[in-house]
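Right, one structure below, let's go through it.
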Amino acid sequence: MSCNKLNWIGYVAAIIGIIGTSSQIVKTIKMKESRDLSLIFLLLGLCTSILWFAHGVANKVKPAIVSGILDILLAFTLVYLKFKYNGKK
C-alpha cells in the first residue's frame, strides 16, 4: 500500500488522542481541580507532541503535522490548567 493510502491510520490515531486529551481538559475545567494530573506526565506529553510534530515536518507526514499542532495546543492547555487549578476544589 502506498503512503497516501495509509495516512488514514495517522488521522484515526490523531482523532483518538485528541478525544482523550480533550476529555481530560473538559473534566479539569468542570471540576476546577487538577491535583490528580502529574506535571511530569503533562510535560513529557508536551515534549512528545513537539517531537512528533517535528518528525512530521521533517518527513512531510501530514497526519503527524496536523495532530502535532493540535496535540501541542491541547498539551499546553492541560499544563496551564494544572497550574490554574492545582490544589483547588
Side-chain angles (χ1 to χ4, degrees):
M1 260 191 204
S2 72
C3 231
N4 288 339
K5 289 183 181 178
L6 292 177
N7 275 348
W8 68 271
I9 294 172
Y11 286 115
V12 169
I15 290 167
I16 292 169
I18 289 165
I19 290 170
T21 306
S22 297
S23 66
Q24 185 63 60
I25 289 170
V26 169
K27 180 183 178 201
T28 303
I29 292 170
K30 273 184 167 180
M31 302 299 290
K32 293 186 177 11
E33 200 273 318
S34 66
R35 258 184 310 173
D36 293 339
L37 298 176
S38 165
L39 182 59
I40 291 179
F41 175 78
L42 296 175
L43 293 175
L44 287 172
L46 178 59
C47 290
T48 301
S49 298
I50 292 168
L51 291 171
W52 273 116
F53 173 72
H55 168 75
V57 170
N59 292 294
K60 298 179 177 125
V61 180
K62 194 171 181 180
I65 295 168
V66 172
S67 68
I69 291 168
L70 294 173
D71 284 340
I72 290 167
L73 293 172
L74 293 173
F76 269 122
T77 301
L78 274 175
V79 170
Y80 167 75
L81 292 173
K82 171 67 177 169
F83 287 106
K84 181 176 181 179
Y85 294 127
N86 198 30
K88 293 184 180 179
K89 184 85 178 168

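In this text the structure is predicted, and so the values were computed from the model without any measurement.
- V57 and L70 fall into different hydrophobic clusters, where Ile, Leu, Val, Met, Phe, Trp and Tyr residues are linked whenever their side-chain heavy atoms come under 4.5 Å apart, directly or through other members.
- Across all their heavy atoms, R35 and K82 have their closest contact at O-NZ, 3.6 Å.
- Rounding to the nearest 0.5 angstrom, the gap separating the CG atom in D36 from the CG atom in N86 is 10.0 Å.
- Tracing side-chain contacts under 4.5 Å through hydrophobic residues (I, L, V, M, F, W, Y), one reaches L43 starting from L74; they form part of the same cluster.
- Residues passing the side-chain contact (heavy atoms from CB on, under 4.5 Å) test with L73, sequence neighbours excluded: I69.
- Connection of I15 to I9 is not established within any shared hydrophobic cluster, with ILVMFWY side chains joined at heavy-atom distances below 4.5 Å, either directly or through further cluster members.
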Ignoring hydrogens and angles, write down the donor-acceptor pairs under 3.5 Å from the side chains of residues 59-66, residues two or more places apart or on other chains.
residue : atom : partner : partner atom : Å
N59     : ND2  : H55     : O            : 3.1
N59     : ND2  : H55     : ND1          : 3.0

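- Residue F76 qualifies as open at atom CZ: its count of foreign heavy atoms under 6.0 Å is 12 or below.
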Just list the side-chain donor-acceptor pairs under 3.5 Å for residues 46-54, sequence neighbours left out, or say none.
residue : atom : partner : partner atom : Å
T48     : OG1  : L44     : O            : 2.8
S49     : OG   : G45     : O            : 3.0

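- In this structure, T21 contributes its side chain and I18 its backbone to no donor-acceptor pair below 3.5 Å.
- Take T28 and apply the side-chain contact (heavy atoms from CB on, under 4.5 Å) test, not counting sequence neighbours, and it matches Q24, S34, L37, L78, L81, Y85.
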